[in-house]
Colleague: 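Below are the C-alpha cells for one structure; questions will follow.
Bear in mind that the values here come from a model prediction, so they are computed numbers and not experimental data. Chain letters run A, B, ... following the sequence lines, proteins first and then strands; every chain starts at 1.
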Number of protein chains: 2
Amino acid sequence: MEQHYLLLRKHIAEICELTDAEWDIVSRVFTYKSLKKHQFLIQKEQLVPCEYWIIKGLTKAYAIDGNGKEHILQFAMEQYWTSDFNAFQNKVPAAIFIDCIEDSEFFCLKWEDREYLCHEIPKMGHFFRIKSHHGYIALQQRILSLLIETAEERYNNLVKKLPKLIQRVPKKLLAAYLGVTRETLSRF
Amino acid sequence: MEQHYLLLRKHIAEICELTDAEWDIVSRVFTYKSLKKHQFLIQKEQLVPCEYWIIKGLTKAYAIDGNGKEHILQFAMEQYWTSDFNAFQNKVPAAIFIDCIEDSEFFCLKWEDREYLCHEIPKMGHFFRIKSHHGYIALQQRILSLLIETAEERYNNLVKKLPKLIQRVPKKLLAAYLGVTRETLSRF
DNA sequence: TTGTACCGTTAATTTTTAGCAACACAGATA
DNA sequence: TATCTGTGTTGCTAAAAATTAACGGTACAA
C-alpha cells in the first residue's frame, strides 16, 4: 500500500511538488477501494460521491443508447482519473456507467475533501485545475478525431498512441469507443 | 465599456462573488479587442497569448482537414470563453483557427495574468476550475452525442438547446459542426 | 446595371457503414 | 467429457451519408 501512495505522490509531483507536511494532509483524505472485473464503479442514476485515481486495473466509462448499445467515452488505466465528473461536481445522479474491464484498485476522493484540499493547499487547487485542463484538451482532440478522421484512421491512430491499451481491451470495446460496430472494425 | 465590465463581473459572480477590492484587481488585467467579421482571433501554428471572453459577437473554432474541409469544434457567443486552450496553456503553436462569424468584441486574459489572479485571489482559482469543469462536461456531452445520435437527432437537439445560435449561424457551418455535409443537413 | 461568389436546396450516383446471419475458436462450466 | 458463452471474422443486404452536379436566390462589388 505504501508503494501505491508513493505513486500517487509522484503523479501529483508531475504538476506540483508537495512538502511532506502538505502530502500528509493530502494522503490522509484518500480512501482505498478494490473491485473485480465486471463490477461497477459508477452506476447510472446513482449519486457519485468520489472521483477515482486508478492504482491498478482498467475501466470503461460508457452510456447505453435506446437500442441497448454501449458507447464508450473513456478507457482509464493505471494513473488515470475517472468518474462521472458532472454528477460528481453537481451532486446529480450519474448519466453514465463505469465498470471494470480488469480487477482494479482505486484511491477515492470525496467532493468535500477535494474542496478542502484546494482550500488548504493552493497547490492542489493548481493541480486539479491543470488536470481538468488536460482532460478538456484530450476530449477536444477526441472530438476533432471523430469529426475529421474515418473510423479506420481513428483506429490506426489509437494503435499508434496507446498500443498497450489495445492489447488489454477486447476489440468489440474498441469499436464501441471508435464509434463503429465490431464487424466494421474487423474489416480494417 | 463600463457596461461590458459589469457584465463580466456578473458572469464571474454566477460562480463566485468578488468584493470590490478583488474586482478591482481582476478587472485591471483584462484588455479589450475588437474584430470584424472574417478576421482571425487565433491562427493555426501561431502562439496563443490569451483566452477570450466574448463581449459581443460570434466566433467559430475549427480545424481544416487534409481535403481542405472545415470541422467546427465550438461556436462561441456573448458571455462564452474561447481560445485554443491547449496552445494557451502549454505555450505551443495553435492547432486550430478561431475567426469571427460576426463583428465581435473581446476581453483578453493573458496566461500570466490568469496565474496571477488564481494566486492572488483563490476565488478566481475556484472560478477557473469550475469553468474548466463545465467545459469538460460540455465536450463529454458532445462526444456522447457524436457516438450515439444520428446527425438528424444532433441537429434537432441543437435547435432545441440553442435556438438563437441556429438563427445566427449559416447552415453550412452548422453542418460542419454536426459532422455532416451541408447537402445532408439540408435533407433533415 | 451586370457579373461574381456564395448559399441553400434537390436529384442521381457511389461509397461507407450498419445490420443480420453464419461460423470458427477459446475459455469457462457442468 | 460435452456444452455453453463470449469473441472475432466473413459474406450478404439494407440503410445512411458523401460526392457530384445542377439550379434558383441573394449579397456584394465592379
Colleague: Contact class for A/Thr181 (heavy atom, under 4.0 Å): base, sugar-phosphate, or nothing?
Modeller: sugar-phosphate

Colleague: Output the rounded distance in Å from CZ (B/Arg154) to C1' (D/dA17).
Modeller: 11 Å

Colleague: With ring pair (Phe, Tyr, Trp, His ring centres under 6.0 Å) as the test, pick out the partner of B/Tyr136 among A/Phe85, A/Trp81, A/Tyr136, A/Phe128.
Modeller: A/Phe85

Colleague: Starting from the 5' end of DNA chain D, give me the residue, B/Asn67 or B/Lys37, whose nearest nucleotide shows up first.
Modeller: B/Asn67

Colleague: First and last nucleotide of DNA chain C in contact with chain B, 5' to 3', at under 4.0 Å to a heavy atom: what are they?
Modeller: C/dC7 to C/dA12

Colleague: Please give, in whole Å, the distance from D/dA17 P to B/Lys69 NZ?
Modeller: 13 Å

Colleague: In whole angstrom, give the distance that lies between atom CD of B/Glu183 and atom P of D/dC23.
Modeller: 16 Å

Colleague: Whole-Å distance between D/dA15 P and B/Phe188 CZ?
Modeller: 17 Å

Colleague: Would you check if there is a donor-acceptor pair between the side chains of A/Tyr62 and A/Asp99 at a distance under 3.5 Å?
Modeller: yes

Colleague: Check whether any side-chain N or O of B/Gln39 sits under 3.5 Å from a backbone N or O of B/Lys36 as a donor-acceptor pair, and report yes or no.
Modeller: yes

Colleague: Check this one for me: any side-chain N or O of A/Ser186 less than 4.0 Å away from OP1 or OP2 of D/dT9?
Modeller: yes

Colleague: Please determine if A/Glu70 and A/Lys60 form a salt bridge, counting it only when a charged side-chain N lies under 4.0 Å from a carboxylate O.
Modeller: yes

Colleague: For the helix from C/dT1-D/dA30 to C/dA30-D/dT1, figure out the bend between the end axes, five pairs an end, and round to 10 degrees.
Modeller: 30°

Colleague: Would you say the side-chain atoms of B/Gln74 and B/Thr82 include a donor-acceptor pair closer than 3.5 Å?
Modeller: yes

Colleague: Round to a whole Å and report the spacing from CZ of B/Arg187 to P of D/dA15.
Modeller: 17 Å

Colleague: Let's see if you get this right: which residues in residues 162-177 of chain B place a heavy atom under 4.0 Å from DNA chain D?
Modeller: none

Colleague: For the aromatic rings, using the six-membered ring if either is Trp, is the centroid distance between A/Tyr80 and A/Tyr52 under 6.0 Å?
Modeller: no

Colleague: Where the side chain of B/Arg129 meets the backbone of A/Arg129, is there a donor-acceptor pair that is under 3.5 Å apart?
Modeller: no

Colleague: Quick one: sort the B/Phe97 and B/Phe40 rings into parallel, tilted or perpendicular, breaks at 30° and 60°.
Modeller: tilted

Colleague: For B/Glu149 and D/dA17, give me the distance from atom CD to atom C1', rounded to whole Å.
Modeller: 17 Å

Colleague: For B/Leu185 and D/dA18, give me the distance from atom CG to atom P, rounded to whole Å.
Modeller: 10 Å

Colleague: Does the pair A/Glu78/A/Arg168 count as a salt bridge with the N-to-O cut at 4.0 Å?
Modeller: yes

Colleague: Identify whether the distance between the nearest side-chain nitrogen and carboxylate oxygen of A/Arg9 and A/Asp20 falls below 4.0 Å.
Modeller: yes

Colleague: Is a salt bridge present between B/Lys33 and B/Glu105, judged by a nitrogen-to-oxygen distance below 4.0 Å?
Modeller: no

